[in-house]
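Structure first, then comments.
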Amino acid sequence: KMEKGETREAALIREIQEELDTDIAVDKFICTVECDYTEFHLTMHSFLCHVVEGKLQLLEAENARWLDKAHINDVNWLPADREVIRSMC
């Protein structure tokens, strides 16, 4: 969620800090996904990043897990997420 006057990259860095208590650096833009859901329209900018400092602690998310490429399709991804995965794989 971008705040007024914030770049996409700055918003991502802030959101990861707030939600995962981790400092990241943005390496590369991957893609922008536009997706219509029943109750809202989503514009999602996706980036490849790396951890600078922190341990990726779930502060607001319900759950998470690491997946390697062989298991990336083991999750029932939402449509917008599927587009990002296709762009990367």
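Because the structure is predicted, anything quoted here is derived from the model rather than measured.
Listed here is the closest heavy atom pair of V75 and L67: CG2-CD1, 3.4 Å. A pairwise comparison of heavy atoms in T43 and T32 identifies CG2-CG2, 3.9 Å as the closest pair. Residues Q57 and D21 come closest through the heavy atom pair NE2-OD2, 3.6 Å. Nearest heavy atoms, S46 versus V84: OG-CG2, 3.1 Å.
Rounded to the nearest 0.5 angstrom, R8 CZ and F47 CZ are separated by 4.5 Å. Atom SG in C31 sits 7.0 Å away from atom CE in M44 (nearest 0.5 Å). To the nearest 0.5 angstrom, F40 atom CZ is 8.0 Å from C35 atom SG. Between the CG atom of L59 and the CD1 atom of I16 there is a distance of 10.5 Å, given to the nearest 0.5 Å.
Around CG of N76, the count of heavy atoms belonging to other residues, nucleotides or ligands within 6.0 Å does not exceed 12.
In this structure, the side chain of Q17 does not engage the main chain of R14 through any donor-acceptor pair within 3.5 Å. For the pair W77 (side chain) and E83 (backbone), a donor-acceptor distance under 3.5 Å is absent. The closest donor-acceptor contact from the side chain of T22 to the backbone of L56 lies under 3.5 Å. Under the 3.5 Å distance criterion, the side-chain polar atoms of S87 are left unmatched by any main-chain donor or acceptor of I85.
We find that E15 and K1 are not joined by a salt bridge, their nearest charged nitrogen and carboxylate oxygen being 4.0 Å or further apart.
A side-chain contact (heavy atoms from CB on, under 4.5 Å) with C49 is found for exactly one of I24, I30, I13, namely I24.
When hydrophobic clusters are built by joining Ile, Leu, Val, Met, Phe, Trp and Tyr residues whose side-chain heavy atoms come closer than 4.5 Å, directly or via intermediates, M2 is not grouped with L42. Placement of V52 and V26 in two distinct hydrophobic clusters is found when ILVMFWY residues are connected by side-chain heavy-atom separations under 4.5 Å, directly or transitively.
A 4.5 Å side-chain heavy-atom check between Y37 and E39 finds every atom pair outside the cut-off. Taking the side chain as every heavy atom from C-beta outward, I72 and M88 never approach each other to under 4.5 Å.
Take E53 and apply the salt bridge (charged side-chain N to carboxylate O under 4.0 Å, His left out) test, not counting sequence neighbours, and it matches no residue.
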